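Presented below is the structure to which this report refers.
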Amino acid sequence: DMSAEEQAFQARIDAGIKIEAKDWMPEAYRKTLIRQISQHAHSEIVGQLPEGNWVTRAPTLKRKSVLLAKIQDEAGHGLYLYSAAETLGVSRDELLQALHAGKAKYSSIFNYPTLSWADMGAIGWLVDGSAIINQIPLCRCSYGPYARAMIRVCKEESFHARQGYDIMMSLAQGTPEQKAMAQDALNRWWWPSLMMFGPSDAESVNSAQSTAWRIKLFSNDELRQRMVDQTVPQAEYLGLTIPDPDLKWNAERGSYDFGEIDWSEFQNVLKGNGPCNRERLRTRVKAYEDGAWFRDALVAHADKKAAAKAA
Ligand code: FAQ
């Protein structure tokens, strides 16, 4: 049973009116958004680490500057999203504490290792490609600050996806060894990329309410299907093979059928037992601790300025 306030709120959502930070909202709506936006922010921040691994080994100066720019964009997205979460009344410190304590989630995809340069191509192509498919609808979600943040984020993500595909093109058209590297990266990143969209609709506990609130405009499975349909022709153009023997065009549906995802692997990564979970968290905690002197200095400087002004 909805209260009169809740009914009015739902009516605004149904009418496509954006909810702003100072508007009344149900506590559960606030909580859901804090959960999703902070997970998204943490994903951007932790998501810098797999690529950071290759900055010093990029094959050319140009590749290195493009990769650096991409990783800096991700830092920007993270900060942008933490600010969006803060509009809901949570502090950045609380959010970071939850991440560092291993309580907050971030995308499963960033718990996989980057073993070769080709992984920089596969991440841009498949991971940023999936992120765009998931985030374009979020530009129209009901919460104004999140929706507006997504517009800029999506523009930058499409540059990221293209730089990844460009790396894949160079490798796929290169020597047999380079082409094999590209294939190996596709083999390792394909299934984890499909897992980015979350559990199947049947298992997605948050979907019904998030859809009613227009935080989700498409289901996990719908977006996952969109990713497969978009990516298969791109793999064909590269001359690479998607590692799924069950992948097959379904003329009746006008979509590709694809094999079953290994959901036990997904659950295992969510529980903290993926190949890199511990290393990722350790790296973030160390970065935070190593930055303590700088945060202290900022506060000391601000205090000094305030004291001088008061005097
Ligand atoms: N990993 O009921 P649902 C990027 C959790 S892109 C970890 O379906 P919901 C760009 C889920 O939180 C990546 N956990 O949940 C980049 C929930 O647990 P909870 C970030 C996952 O929220 C590229 C539980 O499973 N993008 O960073 C995952 O309705 C390259 C049940 O699931 C976003 O966050 C997963 N893959 O739908 C950066 C986009 N999937 O919270 C660097 C915004 C599900 O109840 C380099 N987020 N879970 O404890 C969303 O659209 C949604 O939150 C979904 C999940 C679709 C991810």
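All ligand and atom numbering here is 1-based and tracks the order in the structure. It should be emphasised that the depicted structure is a prediction, and the values quoted were computed from it without experimental measurement.
Under the 3.5 Å distance criterion, the side-chain polar atoms of Asn111 are left unmatched by any main-chain donor or acceptor of Pro275. No donor-acceptor distance shorter than 3.5 angstrom exists from the side chain of Lys216 to the backbone of Leu138, with no hydrogens or angles considered. A donor-acceptor pair under 3.5 Å links the side-chain atoms of Glu86 to the main chain of Arg92, judged by distance alone.
Counting heavy atoms under 4.0 Å from ligand 1, residue Met195 touches it through the backbone alone. Counting heavy atoms closer than 4.0 Å to ligand 1, residue Asn220 contributes side-chain atoms (C-beta onward) but none from N, CA, C or O. Only side-chain heavy atoms of Leu270 come within less than 4.0 Å of ligand 1; its backbone N, CA, C and O stay farther off. When non-hydrogen atoms are compared, ligand 1 lies under 4.0 Å from the side chain of Val127 (C-beta onward) but not from its backbone. Residue contacts with ligand 1 for Asn134 involve side-chain atoms from C-beta outward but no N, CA, C or O (heavy atoms, distance under 4.0 Å).
Atoms CD and CG, on Glu74 and Leu49 in that order, are 10.0 Å from each other to the nearest 0.5 Å.
Nearest to atom 46 (C) of ligand 1 among the protein's heavy atoms is Glu74 OE2, 3.1 Å. Protein heavy atom at the shortest distance from atom 12 (O) of ligand 1 is Gln39 OE1, 2.9 Å. Regarding atom 57 (C) of ligand 1, its nearest protein heavy-atom neighbour is Met196 O, 4.1 Å. The single protein non-hydrogen atom nearest to atom 45 (O) of ligand 1 is Asn206 ND2, 3.1 Å, given as residue, atom name and distance. Nearest to atom 47 (N) of ligand 1 among the protein's heavy atoms is Gln36 NE2, 3.4 Å. At the shortest separation from atom 16 (C) of ligand 1 among protein heavy atoms lies Phe110 CZ, 3.7 Å. Taking atom 13 (C) of ligand 1 as the reference point, the nearest protein heavy-atom neighbour is Ser107 CB, 3.7 Å. From the protein, the heavy atom lying nearest to atom 38 (C) of ligand 1 is Glu44 OE1, 3.4 Å.
Closest heavy-atom approach to atom 18 (O) of ligand 1 within the set His77, Lys105, His40: this belongs to Lys105. In the candidate list Lys70, Lys216, Glu156, Glu203, Lys216 is nearest to atom 37 (O) of ligand 1, counting heavy atoms. Closest heavy-atom approach to atom 32 (O) of ligand 1 among the candidates Ser108, Gly198, Pro199: Pro199.
Proximity of Tyr146 to ligand 1 is established by a heavy-atom distance of less than 4.0 Å. The closest approach between Glu157 and ligand 1 falls below 4.0 Å for a heavy atom of the residue.
Using modelled atom types, one finds a donor on one side chain and an acceptor on the other under 3.5 Å when comparing Asp14 with Gln10.
Within a 4.0 Å radius of atom 54 (C) of ligand 1, the protein contributes no heavy atom.
A cation-pi arrangement is absent between Arg30 and Tyr143 under the rule of less than 6.0 angstrom and at most 45 degrees off the ring axis. No cation-pi contact links Arg280 to Phe110, judged by a cut-off of 6.0 Å to the six-membered ring centre and 45° from its axis. Figure legend: cation-pi geometry between Arg226 and Phe218, with NZ or CZ positioned under 6.0 Å from the six-membered ring centre and within 45° of its axis.
Counting the atoms of ligand 1 from 1 in the order shown, those under 4.0 Å from a heavy atom of Gly47 are 42 (C), 46 (C). Interface of Ala131 with ligand 1, defined as ligand atoms under 4.0 Å from a residue heavy atom, comprises 6 (S), 10 (C). Residue contact check: Tyr106 has heavy atoms under 4.0 Å from atoms 1 (N), 7 (C) of ligand 1. With ligand atoms numbered from 1 in the order given, ligand 1 contributes 46 (C) to contacts under 4.0 Å with heavy atoms of Glu51. Shown in contact with Asp128 at under 4.0 Å from a heavy atom are these atoms of ligand 1, numbered in order with element: 23 (C), 30 (C). Near Ser204, meaning under 4.0 Å from any of its heavy atoms, are these atoms of ligand 1: 2 (O), 3 (P), 8 (O).
The residues Arg188 and Asp119 are annotated as salt-bridged, a charged nitrogen and a carboxylate oxygen being separated by less than 4.0 angstrom.
The side-chain contact (heavy atoms from CB on, under 4.5 Å) test with Leu194 singles out one residue from Asp262, Ile261, Leu126, Thr231, and that residue is Ile261. When each of Arg63, Lys70, Lys62 is tested with Asp166 by the rule salt bridge (Lys or Arg N to Asp or Glu O under 4.0 Å), just one qualifies, namely Arg63.
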Quiz item: Going through the checks in order, is the side chain to side chain contact (heavy atoms under 4.5 Å, CB included) test met by His77 and Glu157?
Solution: CA-CA 10 Å; His77 298 174; Glu157 299 287 24; 3.9 Å; yes
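Under the 4.5 Å side-chain heavy-atom criterion for grouping Ile, Leu, Val, Met, Phe, Trp and Tyr, Met25 is not connected to Ile17 through any hydrophobic cluster.
Ring geometry for His40 versus Tyr146: interplanar angle over 60°, hence perpendicular rather than tilted (30 to 60°).
For the pair Trp54 and Thr114, the tightest heavy-atom approach, listed with the atom from each and the gap, is NE1-O, 3.0 Å.
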